[in-house]
Protein chains: 2
Amino acid sequence: MAKAKRTLKWQRDPEGMRLRILEAAKQEFSAHGLAGARVDRIAAKAGANKRMLYYHVGNKDELYLAVLEGAYDKIRSEERGLDLEHLDPPEAIRRLIEFTWNYFLRNPEFLSLLQTENLARAKHLKRSTKVKSMHSPFVEMIRTVVLRGVDSGDFQVAVDPVQLYISIAGLCFFYLSNSATLSVIFGRDLLAKDAKDERLSHMVGLVLAALTGRSTALFEIAKAPKSRSAVAQTV
Amino acid sequence: MAKAKRTLKWQRDPEGMRLRILEAAKQEFSAHGLAGARVDRIAAKAGANKRMLYYHVGNKDELYLAVLEGAYDKIRSEERGLDLEHLDPPEAIRRLIEFTWNYFLRNPEFLSLLQTENLARAKHLKRSTKVKSMHSPFVEMIRTVVLRGVDSGDFQVAVDPVQLYISIAGLCFFYLSNSATLSVIFGRDLLAKDAKDERLSHMVGLVLAALTGRSTALFEIAKAPKSRSAVAQTV
DNA sequence: ACAGTATTTATCCAACGAGTTAATTTCTCC
DNA sequence: GGAGAAATTAACTCGTTGGATAAATACTGT
(Lines give C-alpha, C1' and ligand atoms only; values in the text may rest on other atoms or scores of the structure.)
Protein backbone atom coordinates (compact mmCIF):
# COMPACT_ATOMS: atom_id res chain seq x y z
CA MET A 1 0.00 0.00 0.00
CA ALA A 2 3.02 2.22 0.11
CA LYS A 3 4.56 1.85 -3.36
CA ALA A 4 1.57 2.82 -5.51
CA LYS A 5 2.10 6.58 -5.17
CA ARG A 6 4.57 7.08 -7.96
CA THR A 7 2.80 10.11 -9.52
CA LEU A 8 3.82 13.43 -8.11
CA LYS A 9 1.33 14.28 -5.47
CA TRP A 10 2.37 17.88 -4.91
CA GLN A 11 4.16 19.10 -8.01
CA ARG A 12 6.05 21.40 -5.64
CA ASP A 13 5.65 24.83 -7.04
CA PRO A 14 6.32 27.46 -4.41
CA GLU A 15 5.93 30.38 -6.76
CA GLY A 16 2.70 29.10 -8.19
CA MET A 17 1.44 28.37 -4.72
CA ARG A 18 2.28 31.85 -3.60
CA LEU A 19 0.34 33.27 -6.49
CA ARG A 20 -2.67 31.07 -5.86
CA ILE A 21 -2.61 32.11 -2.23
CA LEU A 22 -2.49 35.79 -3.11
CA GLU A 23 -5.29 35.41 -5.64
CA ALA A 24 -7.46 33.56 -3.16
CA ALA A 25 -6.68 36.13 -0.51
CA LYS A 26 -7.62 38.93 -2.89
CA GLN A 27 -11.01 37.34 -3.45
CA GLU A 28 -11.57 36.74 0.21
CA PHE A 29 -10.46 40.15 1.45
CA SER A 30 -12.45 41.97 -1.20
CA ALA A 31 -15.53 39.92 -0.52
CA HIS A 32 -15.45 40.17 3.26
CA GLY A 33 -13.11 42.93 4.31
CA LEU A 34 -10.16 42.44 6.59
CA ALA A 35 -12.02 41.45 9.73
CA GLY A 36 -14.56 39.40 7.85
CA ALA A 37 -12.00 37.43 5.88
CA ARG A 38 -11.31 33.91 7.08
CA VAL A 39 -7.85 32.49 6.87
CA ASP A 40 -9.25 28.99 6.48
CA ARG A 41 -11.36 30.00 3.54
CA ILE A 42 -8.36 31.54 1.83
CA ALA A 43 -6.42 28.34 2.32
CA ALA A 44 -9.27 26.24 0.98
CA LYS A 45 -9.75 28.49 -2.03
CA ALA A 46 -6.04 28.34 -2.80
CA GLY A 47 -6.17 24.57 -2.61
CA ALA A 48 -3.71 24.73 0.22
CA ASN A 49 -3.39 24.08 3.87
CA LYS A 50 -3.71 26.93 6.30
CA ARG A 51 -0.17 26.49 7.41
CA MET A 52 0.95 27.27 3.87
CA LEU A 53 -0.23 30.83 4.10
CA TYR A 54 2.02 31.44 7.02
CA TYR A 55 4.84 29.62 5.35
CA HIS A 56 4.68 31.43 2.02
CA VAL A 57 3.41 34.87 2.89
CA GLY A 58 2.91 35.50 6.57
CA ASN A 59 0.10 36.15 8.97
CA LYS A 60 -3.26 37.59 8.08
CA ASP A 61 -2.05 41.19 8.12
CA GLU A 62 0.99 40.57 5.96
CA LEU A 63 -1.17 38.62 3.56
CA TYR A 64 -3.52 41.55 3.36
CA LEU A 65 -0.80 44.07 2.72
CA ALA A 66 0.70 41.90 0.00
CA VAL A 67 -2.66 41.76 -1.73
CA LEU A 68 -3.07 45.50 -1.46
CA GLU A 69 0.33 46.27 -2.88
CA GLY A 70 -0.29 43.88 -5.72
CA ALA A 71 -3.53 45.64 -6.54
CA TYR A 72 -1.94 49.06 -6.77
CA ASP A 73 0.91 47.70 -8.75
CA LYS A 74 -1.44 46.22 -11.31
CA ILE A 75 -3.50 49.32 -12.02
CA ARG A 76 -0.58 51.73 -12.13
CA SER A 77 1.27 49.41 -14.44
CA GLU A 78 -1.66 49.19 -16.86
CA GLU A 79 -1.99 52.95 -16.76
CA ARG A 80 1.58 53.35 -17.87
CA GLY A 81 0.55 51.71 -21.11
CA LEU A 82 -2.08 54.34 -21.85
CA ASP A 83 0.25 56.37 -23.93
CA LEU A 84 -1.56 59.66 -23.40
CA GLU A 85 1.41 61.61 -24.71
CA HIS A 86 0.47 61.00 -28.32
CA LEU A 87 -3.17 62.00 -28.16
CA ASP A 88 -4.52 65.49 -28.31
CA PRO A 89 -5.42 66.62 -24.83
CA PRO A 90 -9.23 66.23 -24.83
CA GLU A 91 -8.86 62.81 -26.36
CA ALA A 92 -6.25 61.90 -23.77
CA ILE A 93 -8.60 62.85 -20.95
CA ARG A 94 -11.43 60.92 -22.49
CA ARG A 95 -9.16 57.94 -22.75
CA LEU A 96 -8.09 58.23 -19.14
CA ILE A 97 -11.71 58.32 -18.03
CA GLU A 98 -12.63 55.36 -20.15
CA PHE A 99 -9.68 53.38 -18.96
CA THR A 100 -10.40 54.13 -15.32
CA TRP A 101 -14.05 53.24 -15.74
CA ASN A 102 -13.31 50.00 -17.51
CA TYR A 103 -10.56 49.05 -15.14
CA PHE A 104 -12.89 49.49 -12.20
CA LEU A 105 -15.54 47.48 -13.99
CA ARG A 106 -13.13 44.68 -14.78
CA ASN A 107 -11.57 44.68 -11.32
CA PRO A 108 -14.28 45.10 -8.72
CA GLU A 109 -12.01 43.58 -6.08
CA PHE A 110 -9.73 46.55 -6.45
CA LEU A 111 -12.56 48.85 -5.40
CA SER A 112 -13.43 46.68 -2.44
CA LEU A 113 -9.86 46.52 -1.30
CA LEU A 114 -9.57 50.29 -1.38
CA GLN A 115 -12.77 50.63 0.57
CA THR A 116 -11.55 48.19 3.15
CA GLU A 117 -8.23 49.90 3.49
CA ASN A 118 -9.82 53.31 3.86
CA LEU A 119 -12.15 51.98 6.49
CA ALA A 120 -8.94 51.15 8.34
CA ARG A 121 -7.68 54.69 7.70
CA ALA A 122 -4.84 53.33 5.57
CA LYS A 123 -3.22 51.84 8.64
CA HIS A 124 -1.67 49.02 6.66
CA LEU A 125 -0.83 50.93 3.50
CA LYS A 126 1.22 53.37 5.53
CA ARG A 127 3.62 50.55 6.30
CA SER A 128 4.20 49.94 2.63
CA THR A 129 7.31 51.38 1.07
CA LYS A 130 6.65 50.15 -2.44
CA VAL A 131 3.35 51.89 -3.00
CA LYS A 132 4.45 55.41 -2.34
CA SER A 133 7.01 55.42 -5.09
CA MET A 134 4.79 54.29 -7.93
CA HIS A 135 2.60 57.36 -8.11
CA SER A 136 4.66 60.37 -9.06
CA PRO A 137 5.16 59.22 -12.67
CA PHE A 138 1.44 58.84 -12.96
CA VAL A 139 0.76 62.35 -11.68
CA GLU A 140 3.35 63.75 -14.06
CA MET A 141 1.70 61.99 -16.95
CA ILE A 142 -1.56 63.79 -16.22
CA ARG A 143 0.12 67.10 -15.55
CA THR A 144 1.72 66.96 -18.96
CA VAL A 145 -1.60 66.38 -20.68
CA VAL A 146 -3.17 69.29 -18.85
CA LEU A 147 -0.36 71.66 -19.67
CA ARG A 148 -0.41 70.63 -23.31
CA GLY A 149 -4.14 71.30 -23.32
CA VAL A 150 -3.68 74.76 -21.91
CA ASP A 151 -0.97 75.56 -24.43
CA SER A 152 -3.05 74.37 -27.34
CA GLY A 153 -6.01 76.39 -26.13
CA ASP A 154 -8.16 73.29 -25.69
CA PHE A 155 -8.37 73.68 -21.94
CA GLN A 156 -9.37 76.80 -20.05
CA VAL A 157 -7.53 76.19 -16.81
CA ALA A 158 -4.38 74.46 -15.68
CA VAL A 159 -6.09 72.08 -13.31
CA ASP A 160 -4.16 70.47 -10.54
CA PRO A 161 -3.51 66.97 -11.89
CA VAL A 162 -4.11 65.38 -8.53
CA GLN A 163 -7.47 67.09 -8.17
CA LEU A 164 -8.37 66.11 -11.67
CA TYR A 165 -7.46 62.50 -11.16
CA ILE A 166 -9.31 62.33 -7.88
CA SER A 167 -12.36 63.72 -9.63
CA ILE A 168 -12.20 61.25 -12.44
CA ALA A 169 -11.57 58.34 -10.16
CA GLY A 170 -14.27 59.59 -7.80
CA LEU A 171 -16.89 59.81 -10.52
CA CYS A 172 -16.18 56.25 -11.54
CA PHE A 173 -15.46 54.82 -8.11
CA PHE A 174 -18.45 56.09 -6.23
CA TYR A 175 -20.90 54.96 -8.85
CA LEU A 176 -19.46 51.48 -8.99
CA SER A 177 -18.42 50.84 -5.43
CA ASN A 178 -21.69 52.22 -4.11
CA SER A 179 -23.90 50.85 -6.83
CA ALA A 180 -25.45 48.40 -4.41
CA THR A 181 -26.84 50.99 -2.01
CA LEU A 182 -27.51 53.54 -4.74
CA SER A 183 -29.52 51.01 -6.70
CA VAL A 184 -31.63 50.33 -3.63
CA ILE A 185 -32.29 53.91 -2.62
CA PHE A 186 -32.93 55.20 -6.14
CA GLY A 187 -34.78 52.10 -7.23
CA ARG A 188 -32.78 51.56 -10.42
CA ASP A 189 -30.39 48.87 -11.44
CA LEU A 190 -27.26 50.92 -11.90
CA LEU A 191 -25.29 47.96 -13.12
CA ALA A 192 -27.55 47.29 -16.08
CA LYS A 193 -25.82 47.68 -19.43
CA ASP A 194 -27.77 50.80 -20.39
CA ALA A 195 -27.16 52.46 -17.08
CA LYS A 196 -23.44 51.88 -17.34
CA ASP A 197 -23.24 53.28 -20.85
CA GLU A 198 -25.20 56.31 -19.79
CA ARG A 199 -22.89 56.81 -16.87
CA LEU A 200 -19.77 56.77 -18.99
CA SER A 201 -21.24 59.39 -21.32
CA HIS A 202 -22.24 61.49 -18.38
CA MET A 203 -18.78 61.45 -16.89
CA VAL A 204 -16.92 62.15 -20.10
CA GLY A 205 -19.34 64.96 -20.88
CA LEU A 206 -19.05 66.47 -17.45
CA VAL A 207 -15.28 66.52 -17.29
CA LEU A 208 -14.60 67.57 -20.85
CA ALA A 209 -17.21 70.32 -20.76
CA ALA A 210 -15.64 71.68 -17.62
CA LEU A 211 -12.11 71.53 -18.98
CA THR A 212 -12.76 72.89 -22.43
CA GLY A 213 -15.38 75.38 -21.35
CA ARG A 214 -17.31 74.52 -24.49
CA SER A 215 -20.39 72.45 -24.09
CA THR A 216 -19.75 71.11 -27.58
CA ALA A 217 -17.99 68.10 -26.24
CA LEU A 218 -20.89 67.68 -23.92
CA PHE A 219 -23.52 67.77 -26.62
CA GLU A 220 -21.69 65.46 -28.92
CA ILE A 221 -22.02 63.00 -26.14
CA ALA A 222 -25.55 63.94 -25.26
CA LYS A 223 -26.81 62.73 -28.58
CA ALA A 224 -25.58 59.20 -28.19
CA PRO A 225 -27.70 57.40 -25.60
CA LYS A 226 -31.33 57.73 -26.60
CA SER A 227 -33.28 56.42 -23.69
CA ARG A 228 -35.31 57.26 -20.61
CA SER A 229 -38.21 59.51 -19.91
CA ALA A 230 -37.86 62.68 -21.99
CA VAL A 231 -36.42 64.67 -19.17
CA ALA A 232 -32.84 64.17 -18.30
CA GLN A 233 -29.94 62.88 -20.24
CA THR A 234 -26.23 62.64 -20.23
CA VAL A 235 -23.92 65.20 -18.71
CA MET B 1 -25.38 48.92 54.73
CA ALA B 2 -28.62 48.28 52.92
CA LYS B 3 -30.55 51.47 53.58
CA ALA B 4 -27.98 53.95 52.20
CA LYS B 5 -28.94 53.52 48.53
CA ARG B 6 -31.79 55.98 48.39
CA THR B 7 -30.53 57.77 45.27
CA LEU B 8 -31.74 56.29 42.01
CA LYS B 9 -29.08 54.01 40.72
CA TRP B 10 -30.47 53.47 37.20
CA GLN B 11 -32.79 56.34 36.39
CA ARG B 12 -34.66 53.96 34.10
CA ASP B 13 -34.82 55.67 30.78
CA PRO B 14 -35.55 53.16 28.04
CA GLU B 15 -35.77 55.70 25.25
CA GLY B 16 -32.56 57.43 26.28
CA MET B 17 -30.85 54.11 26.61
CA ARG B 18 -31.96 53.09 23.14
CA LEU B 19 -30.51 56.28 21.74
CA ARG B 20 -27.23 55.85 23.56
CA ILE B 21 -27.01 52.32 22.25
CA LEU B 22 -27.63 53.42 18.68
CA GLU B 23 -25.11 56.21 18.97
CA ALA B 24 -22.49 53.87 20.38
CA ALA B 25 -23.28 51.34 17.69
CA LYS B 26 -22.89 53.98 15.01
CA GLN B 27 -19.43 54.81 16.29
CA GLU B 28 -18.43 51.20 16.52
CA PHE B 29 -19.78 50.10 13.14
CA SER B 30 -18.30 53.07 11.37
CA ALA B 31 -14.95 52.60 13.03
CA HIS B 32 -14.66 48.86 12.49
CA GLY B 33 -17.19 47.75 9.90
CA LEU B 34 -19.79 45.12 10.51
CA ALA B 35 -17.54 42.14 11.03
CA GLY B 36 -14.97 44.16 12.95
CA ALA B 37 -17.48 45.69 15.33
CA ARG B 38 -17.64 44.20 18.80
CA VAL B 39 -20.93 43.92 20.58
CA ASP B 40 -19.22 44.20 23.95
CA ARG B 41 -17.55 47.45 22.96
CA ILE B 42 -20.86 48.91 21.87
CA ALA B 43 -22.36 48.01 25.20
CA ALA B 44 -19.45 49.49 27.10
CA LYS B 45 -19.54 52.68 25.06
CA ALA B 46 -23.25 53.03 25.66
CA GLY B 47 -22.68 52.59 29.38
CA ALA B 48 -24.80 49.50 29.26
CA ASN B 49 -24.68 45.79 29.61
CA LYS B 50 -24.46 43.59 26.56
CA ARG B 51 -27.80 42.07 27.32
CA MET B 52 -29.37 45.52 26.95
CA LEU B 53 -28.60 45.67 23.26
CA TYR B 54 -30.60 42.57 22.65
CA TYR B 55 -33.34 43.80 24.96
CA HIS B 56 -33.72 47.23 23.36
CA VAL B 57 -32.75 46.75 19.75
CA GLY B 58 -31.97 43.21 18.74
CA ASN B 59 -29.02 41.19 17.60
CA LYS B 60 -25.95 42.55 15.89
CA ASP B 61 -27.52 42.64 12.45
CA GLU B 62 -30.69 44.40 13.55
CA LEU B 63 -28.57 46.86 15.45
CA TYR B 64 -26.58 47.53 12.35
CA LEU B 65 -29.63 48.04 10.17
CA ALA B 66 -31.15 50.42 12.70
CA VAL B 67 -27.98 52.49 12.62
CA LEU B 68 -27.95 52.53 8.85
CA GLU B 69 -31.56 53.61 8.55
CA GLY B 70 -30.98 56.32 11.10
CA ALA B 71 -28.04 57.62 9.09
CA TYR B 72 -30.02 57.90 5.86
CA ASP B 73 -32.90 59.46 7.69
CA LYS B 74 -30.66 62.14 9.10
CA ILE B 75 -29.05 63.29 5.87
CA ARG B 76 -32.21 63.24 3.80
CA SER B 77 -34.02 65.17 6.46
CA GLU B 78 -31.33 67.87 6.58
CA GLU B 79 -31.42 68.06 2.81
CA ARG B 80 -35.11 68.80 2.87
CA GLY B 81 -34.24 72.00 4.66
CA LEU B 82 -32.02 73.21 1.84
CA ASP B 83 -34.77 75.15 0.21
CA LEU B 84 -33.30 75.04 -3.29
CA GLU B 85 -36.60 76.12 -4.81
CA HIS B 86 -35.97 79.74 -4.02
CA LEU B 87 -32.48 80.06 -5.41
CA ASP B 88 -31.55 80.60 -9.00
CA PRO B 89 -30.42 77.32 -10.51
CA PRO B 90 -26.63 77.72 -10.52
CA GLU B 91 -26.77 78.99 -6.97
CA ALA B 92 -28.95 76.05 -5.99
CA ILE B 93 -26.45 73.59 -7.40
CA ARG B 94 -23.60 75.32 -5.67
CA ARG B 95 -25.52 75.11 -2.45
CA LEU B 96 -26.24 71.44 -2.91
CA ILE B 97 -22.56 70.74 -3.47
CA GLU B 98 -21.53 72.76 -0.46
CA PHE B 99 -24.10 71.10 1.72
CA THR B 100 -23.09 67.63 0.63
CA TRP B 101 -19.44 68.40 1.16
CA ASN B 102 -19.99 69.86 4.59
CA TYR B 103 -22.35 67.15 5.65
CA PHE B 104 -19.78 64.52 4.73
CA LEU B 105 -17.13 66.46 6.58
CA ARG B 106 -19.27 66.78 9.68
CA ASN B 107 -20.46 63.17 9.58
CA PRO B 108 -17.58 60.93 8.67
CA GLU B 109 -19.38 57.97 10.21
CA PHE B 110 -21.97 58.27 7.51
CA LEU B 111 -19.32 57.69 4.88
CA SER B 112 -17.94 54.71 6.69
CA LEU B 113 -21.34 53.17 7.12
CA LEU B 114 -22.05 53.47 3.43
CA GLN B 115 -18.72 51.92 2.61
CA THR B 116 -19.39 49.06 4.95
CA GLU B 117 -22.83 48.46 3.55
CA ASN B 118 -21.59 48.51 0.00
CA LEU B 119 -18.88 46.07 0.87
CA ALA B 120 -21.77 43.84 1.87
CA ARG B 121 -23.45 44.57 -1.48
CA ALA B 122 -26.36 46.27 0.34
CA LYS B 123 -27.48 42.95 1.75
CA HIS B 124 -28.92 44.57 4.85
CA LEU B 125 -30.27 47.73 3.31
CA LYS B 126 -32.36 45.67 0.92
CA ARG B 127 -34.35 44.44 3.89
CA SER B 128 -35.23 47.98 4.87
CA THR B 129 -38.62 49.28 3.87
CA LYS B 130 -38.18 52.74 5.34
CA VAL B 131 -35.16 53.76 3.29
CA LYS B 132 -36.57 53.22 -0.14
CA SER B 133 -39.42 55.66 0.35
CA MET B 134 -37.39 58.63 1.46
CA HIS B 135 -35.58 59.26 -1.78
CA SER B 136 -38.08 60.17 -4.46
CA PRO B 137 -38.80 63.61 -2.99
CA PHE B 138 -35.09 64.28 -3.00
CA VAL B 139 -34.68 63.33 -6.63
CA GLU B 140 -37.67 65.49 -7.57
CA MET B 141 -36.13 68.42 -5.77
CA ILE B 142 -33.03 68.17 -7.94
CA ARG B 143 -35.00 67.53 -11.11
CA THR B 144 -36.92 70.74 -10.51
CA VAL B 145 -33.75 72.76 -10.17
CA VAL B 146 -32.32 71.31 -13.37
CA LEU B 147 -35.47 71.98 -15.37
CA ARG B 148 -35.68 75.51 -14.06
CA GLY B 149 -32.07 75.98 -15.09
CA VAL B 150 -32.76 74.78 -18.60
CA ASP B 151 -35.80 77.02 -18.91
CA SER B 152 -33.92 80.06 -17.71
CA GLY B 153 -31.12 79.32 -20.13
CA ASP B 154 -28.59 78.92 -17.34
CA PHE B 155 -28.03 75.24 -18.05
CA GLN B 156 -27.21 73.70 -21.38
CA VAL B 157 -28.61 70.23 -20.86
CA ALA B 158 -31.41 68.66 -18.87
CA VAL B 159 -29.19 66.35 -16.89
CA ASP B 160 -30.63 63.28 -15.30
CA PRO B 161 -31.00 64.30 -11.64
CA VAL B 162 -29.86 60.93 -10.38
CA GLN B 163 -26.71 61.08 -12.49
CA LEU B 164 -26.08 64.58 -11.33
CA TYR B 165 -26.51 63.73 -7.69
CA ILE B 166 -24.33 60.67 -7.97
CA SER B 167 -21.64 62.84 -9.55
CA ILE B 168 -21.82 65.45 -6.85
CA ALA B 169 -21.87 62.91 -4.07
CA GLY B 170 -19.11 60.97 -5.77
CA LEU B 171 -16.82 63.97 -6.07
CA CYS B 172 -17.22 64.65 -2.36
CA PHE B 173 -17.42 61.09 -1.15
CA PHE B 174 -14.40 59.64 -2.86
CA TYR B 175 -12.12 62.44 -1.78
CA LEU B 176 -13.18 62.18 1.83
CA SER B 177 -13.76 58.50 2.28
CA ASN B 178 -10.54 57.65 0.48
CA SER B 179 -8.49 60.50 1.84
CA ALA B 180 -6.45 58.09 3.89
CA THR B 181 -5.12 56.05 1.00
CA LEU B 182 -5.01 59.01 -1.37
CA SER B 183 -2.95 61.00 1.09
CA VAL B 184 -0.49 58.14 1.29
CA ILE B 185 -0.12 57.48 -2.40
CA PHE B 186 0.01 61.12 -3.48
CA GLY B 187 2.05 62.20 -0.49
CA ARG B 188 -0.19 65.14 0.45
CA ASP B 189 -2.35 65.69 3.47
CA LEU B 190 -5.72 65.94 1.78
CA LEU B 191 -7.46 66.75 5.02
CA ALA B 192 -5.47 69.88 5.69
CA LYS B 193 -7.58 73.02 5.72
CA ASP B 194 -6.10 74.40 2.48
CA ALA B 195 -6.54 71.16 0.66
CA LYS B 196 -10.19 70.94 1.64
CA ASP B 197 -10.90 74.50 0.53
CA GLU B 198 -9.20 73.86 -2.75
CA ARG B 199 -11.22 70.73 -3.23
CA LEU B 200 -14.52 72.48 -2.69
CA SER B 201 -13.61 75.13 -5.25
CA HIS B 202 -12.55 72.47 -7.67
CA MET B 203 -15.82 70.60 -7.40
CA VAL B 204 -18.06 73.63 -7.66
CA GLY B 205 -16.07 74.86 -10.63
CA LEU B 206 -16.17 71.53 -12.36
CA VAL B 207 -19.89 70.94 -12.02
CA LEU B 208 -21.03 74.47 -12.73
CA ALA B 209 -18.79 74.85 -15.72
CA ALA B 210 -20.17 71.65 -17.16
CA LEU B 211 -23.77 72.59 -16.53
CA THR B 212 -23.64 76.19 -17.68
CA GLY B 213 -21.19 75.59 -20.49
CA ARG B 214 -19.56 78.86 -19.59
CA SER B 215 -16.25 78.69 -17.88
CA THR B 216 -17.11 81.99 -16.20
CA ALA B 217 -18.36 80.23 -13.13
CA LEU B 218 -15.18 78.27 -13.17
CA PHE B 219 -12.93 81.31 -13.32
CA GLU B 220 -14.79 83.20 -10.66
CA ILE B 221 -13.89 80.30 -8.48
CA ALA B 222 -10.42 79.94 -9.80
CA LYS B 223 -9.39 83.29 -8.43
CA ALA B 224 -10.18 82.47 -4.83
CA PRO B 225 -7.58 80.02 -3.53
CA LYS B 226 -4.14 81.49 -4.12
CA SER B 227 -1.80 78.68 -3.31
CA ARG B 228 0.43 75.96 -4.65
CA SER B 229 3.11 75.78 -7.25
CA ALA B 230 2.14 78.01 -10.21
CA VAL B 231 0.88 75.15 -12.22
CA ALA B 232 -2.52 73.87 -11.48
CA GLN B 233 -5.47 75.34 -9.79
CA THR B 234 -9.12 74.81 -9.15
CA VAL B 235 -11.40 72.93 -11.52
C1' DA C 1 20.68 5.56 -2.22
C1' DC C 2 21.22 8.73 1.36
C1' DA C 3 21.45 13.11 3.93
C1' DG C 4 19.67 17.42 4.24
C1' DT C 5 16.37 20.78 3.09
C1' DA C 6 12.06 22.62 1.31
C1' DT C 7 7.31 21.99 1.25
C1' DT C 8 3.04 20.18 2.94
C1' DT C 9 -0.31 17.95 6.09
C1' DA C 10 -2.81 16.77 10.23
C1' DT C 11 -4.01 18.29 14.81
C1' DC C 12 -4.33 21.05 18.56
C1' DC C 13 -5.53 25.03 21.53
C1' DA C 14 -6.26 29.24 23.84
C1' DA C 15 -8.79 33.35 23.11
C1' DC C 16 -12.56 35.53 21.71
C1' DG C 17 -17.13 36.79 20.69
C1' DA C 18 -22.17 36.45 19.88
C1' DG C 19 -25.94 35.30 22.07
C1' DT C 20 -28.58 33.08 26.32
C1' DT C 21 -30.20 32.12 31.06
C1' DA C 22 -31.53 33.33 35.32
C1' DA C 23 -31.32 36.15 39.04
C1' DT C 24 -31.62 41.12 40.75
C1' DT C 25 -33.12 45.72 41.05
C1' DT C 26 -36.24 49.53 40.11
C1' DC C 27 -40.62 51.36 38.89
C1' DT C 28 -45.84 51.67 38.78
C1' DC C 29 -50.13 51.43 40.27
C1' DC C 30 -53.38 49.83 43.33
C1' DG D 1 -46.60 48.48 51.24
C1' DG D 2 -46.84 44.94 48.07
C1' DA D 3 -47.64 42.49 43.53
C1' DG D 4 -46.41 42.47 38.95
C1' DA D 5 -44.05 44.40 35.11
C1' DA D 6 -40.01 46.66 33.17
C1' DA D 7 -35.19 47.28 33.10
C1' DT D 8 -30.60 45.81 34.32
C1' DT D 9 -26.81 42.83 35.76
C1' DA D 10 -23.73 38.94 36.13
C1' DA D 11 -22.27 34.58 34.66
C1' DC D 12 -22.20 31.06 31.39
C1' DT D 13 -22.36 28.45 26.78
C1' DC D 14 -20.56 27.09 22.77
C1' DG D 15 -19.01 27.53 18.14
C1' DT D 16 -15.30 29.94 15.67
C1' DT D 17 -10.83 31.48 14.47
C1' DG D 18 -6.07 32.87 14.24
C1' DG D 19 -2.13 30.91 15.03
C1' DA D 20 1.22 27.13 16.69
C1' DT D 21 3.45 22.40 16.92
C1' DA D 22 5.26 18.54 15.19
C1' DA D 23 5.38 14.98 12.08
C1' DA D 24 5.21 13.43 7.17
C1' DT D 25 6.42 13.79 2.43
C1' DA D 26 8.81 15.30 -1.75
C1' DC D 27 12.83 17.13 -3.83
C1' DT D 28 18.09 18.16 -4.44
C1' DG D 29 22.70 17.32 -4.72
C1' DT D 30 26.15 14.03 -4.07
Side-chain angles (χ1 to χ4, degrees), chain A residues 1-29 31-67 116 120 123-124, chain B residues 1-29 31-67 116 120 123-124:
Chain A
M1 69 172 43
K3 287 190 69 180
K5 283 290 164 52
R6 207 43 281 136
T7 40
L8 30 155
K9 186 170 149 200
W10 289 345
Q11 64 248 36
R12 254 194 189 213
D13 175 13
E15 202 43 43
M17 175 58 93
R18 192 187 145 88
L19 290 180
R20 271 181 295 142
I21 289 174
L22 288 176
E23 178 59 29
K26 184 167 78 177
Q27 300 301 327
E28 178 73 9
F29 284 126
H32 304 286
L34 178 50
R38 295 292 165 255
V39 174
D40 290 291
R41 273 200 301 250
I42 296 176
K45 225 172 302 185
N49 186 283
K50 184 163 51 161
R51 182 66 183 80
M52 303 293 292
L53 312 192
Y54 295 90
Y55 185 78
H56 286 285
V57 187
N59 64 19
K60 194 180 182 184
D61 270 17
E62 297 175 63
L63 199 49
Y64 171 76
L65 182 57
V67 166
T116 296
K123 184 171 55 171
H124 313 86
Chain B
M1 69 174 38
K3 287 190 66 179
K5 282 290 163 56
R6 211 36 290 135
T7 42
L8 29 158
K9 187 171 150 201
W10 288 346
Q11 64 246 37
R12 253 191 190 214
D13 175 13
E15 202 45 41
M17 174 57 93
R18 192 187 145 87
L19 290 180
R20 270 182 296 143
I21 289 174
L22 288 176
E23 178 60 30
K26 183 166 80 178
Q27 301 300 328
E28 179 72 9
F29 284 126
H32 303 286
L34 178 49
R38 294 292 165 254
V39 173
D40 289 291
R41 273 198 302 248
I42 296 176
K45 226 173 297 183
N49 184 284
K50 180 164 51 162
R51 181 66 182 78
M52 304 292 293
L53 311 192
Y54 293 89
Y55 186 78
H56 287 284
V57 188
N59 64 21
K60 195 181 182 184
D61 270 17
E62 298 177 60
L63 199 50
Y64 170 76
L65 182 57
V67 166
T116 295
K123 184 168 57 171
H124 313 86

Which of residues 42-50 of chain A have a heavy atom under 4.0 Å from DNA chain C?
-> Asn49(A)
Glu62(B) CD to dG19(C) C1', in whole Å, measures 12 Å
Got a list of side-chain donor-acceptor pairs under 3.5 Å for residues 18-25 of chain B, not counting sequence neighbours?
unit_1	atom_1	unit_2	atom_2	d
Arg18(B)	NH1	His56(B)	O	3.3
Arg20(B)	NH1	Ala46(B)	O	3.2
Glu23(B)	OE2	Gln27(B)	NE2	2.7

Enumerate all atom pairs, one protein N or O and one N or O from nucleotides 21-23 of chain C, separated by less than 3.5 Å.
unit_1	atom_1	unit_2	atom_2	d
dT21(C)	O4	Arg51(B)	NE	3.3

Bend angle of the helix from dA1(C)-dT30(D) to dC30(C)-dG1(D), from helix axes over five pairs at each end, nearest 10° | 10°
Indicate, with a heavy-atom threshold strictly under 4.0 Å, whether Ala35(A) touches base, sugar-phosphate, or nothing.
-> nothing
By ring pair (Phe, Tyr, Trp, His ring centres under 6.0 Å), Phe29(A) pairs with (sequence neighbours left out) Tyr64(A)
List for me each residue that meets side chain to side chain contact (heavy atoms under 4.5 Å, CB included) alongside Tyr55(B), sequence neighbours excluded, and say none if there are none.
-> Arg51(B)
What residues form a side-chain hydrogen bond (donor to acceptor under 3.5 Å, both in side chains) with His124(A), not counting sequence neighbours?
-> Glu117(A)
Could you name each residue pair satisfying salt bridge (charged side-chain N to carboxylate O under 4.0 Å, His left out) that touches residues 33-47 of chain B, not counting sequence neighbours?
-> Glu28(B)-Arg41(B), Glu28(B)-Lys45(B), Asp40(B)-Lys50(B)
Separation of dT8(C) atom P from Tyr54(A) atom OH, nearest Å, is 17 Å
Those residues at least two apart in sequence (or on a different chain) that pass salt bridge (charged side-chain N to carboxylate O under 4.0 Å, His left out) with Asp61(B) are none
